[in-house]
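Note that ligands are numbered from 1 as they come in the structure, with each ligand's atoms numbered from 1 the same way.
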Amino acid sequence: MSQTPERLRMSGIVKRFPGTVALDGVELSVRPGEVHCLLGENGAGKSTLMKILAGSYRPDEGTILLDGEPYAPATPHAGLAAGIAVIYQELDLLPDLTVAQNLLLGRAPRLGPFVRRAQRAKLAREALDRVGASFPVTAKVGDLPIAAQQLTAIAKALTADARVIVMDEPSATLGEAELQAVFDVIRSLTAEGRSVIFISHRMDEVMEIGDRATVLRDGRAVGVYDLSSTGPDELVAAMIGEAGSELVGATGR
Ligand code: ADP
Ligand code: MG
């Protein structure tokens, strides 16, 4: 195990909000090329942990290593520049801007003070093609259906050349066909050695796309599971804190 290089290691992460300890010393380790599922009931701390990873929140305690190097982003922009792209459920795209503007926001190719629009459109088109999206890069994001906005957010992660792509409950807004398109993108990303952290409540999705899973409960990581040898019942039991054979109930104990 120690031979496997780590893409990401979050250690002893603590985050307090007034009246709440959202994260109480969380450990998370993600390998290159892995789909790592982050599981837990509502309020377990999944989104808070990912906001720390993104640079949206600073942890009160704890450290992060990215490909073995200390990583402590002060802002989401710094996080993205370091190769961490987080796609939130509430997509943080700007609805009044075009797809191309959103994809390369703050990172557009420039010639002096001028944005090189043709070059930006070309980069945006390439990213949209990679996620299988056929809508024009000139479309206004706010005019697109939510699934297309989701693909735009994923394409944005691609233009940033992210090493770690986090998807926080993408399926909540996607239909089955769109979800399969996103899964295809996830598989192509991990085939390139990128790591994906996938948050979902739906065990069928987790079993389909995930390699390993970390279960959070009450702000702590309570287990790391290899999904080739773990069933959904065991994961759910860990999530709700009833791990053990008594939950199965088949023995009649
Ligand atoms: P999850 O994504 O697993 O549902 P969250 O990370 O959103 O969990 O929340 C973890 C805990 O932290 C919850 O108790 C939640 O109420 C609390 N929390 C999250 N964000 C904030 C915030 N900005 N201010 C105060 N409490 C928060
Ligand atoms: Mg959440």
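The side-chain heavy atoms of Leu28 and Met50, taken from C-beta on, include a pair separated by under 4.5 Å. Side chains of Leu158 and Leu189 form a contact here, defined as non-hydrogen atoms less than 4.5 Å apart.
Ligand 1 is surrounded by Phe17, Thr20, Ala22, Glu41, Asn42, Gly43, Ala44, Gly45, Lys46, Ser47, Thr48, Tyr57, each with at least one heavy atom closer than 4.0 Å.
Only protein N, O or S atoms were considered, and those under 2.8 Å from the Mg ion (ligand 2) are Ser47 OG.
A donor-acceptor contact closer than 3.5 angstrom links the side chains of Thr214 and His36.
Taking the charged nitrogens against the carboxylate oxygens, Arg217 and Glu242 have no contact shorter than 4.0 Å, which rules out a salt bridge. Ionic pairing of Arg187 and Glu208 is present here: one or more N-O contacts between side-chain nitrogen and carboxylate oxygen are shorter than 4.0 angstrom.
Formation of a donor-acceptor pair under 3.5 Å by the Asp60 side chain with backbone atoms of Arg16 is found in this model. Formation of a donor-acceptor pair under 3.5 Å by the Gln149 side chain with backbone atoms of Leu144 is found in this model.
Of all heavy-atom pairs spanning Glu192 and Arg130, the tightest one is OE2-NH2, 3.1 Å.
Within 6.0 Å of CZ in Arg220 there are 12 or fewer heavy atoms belonging to other residues, nucleotides or ligands.
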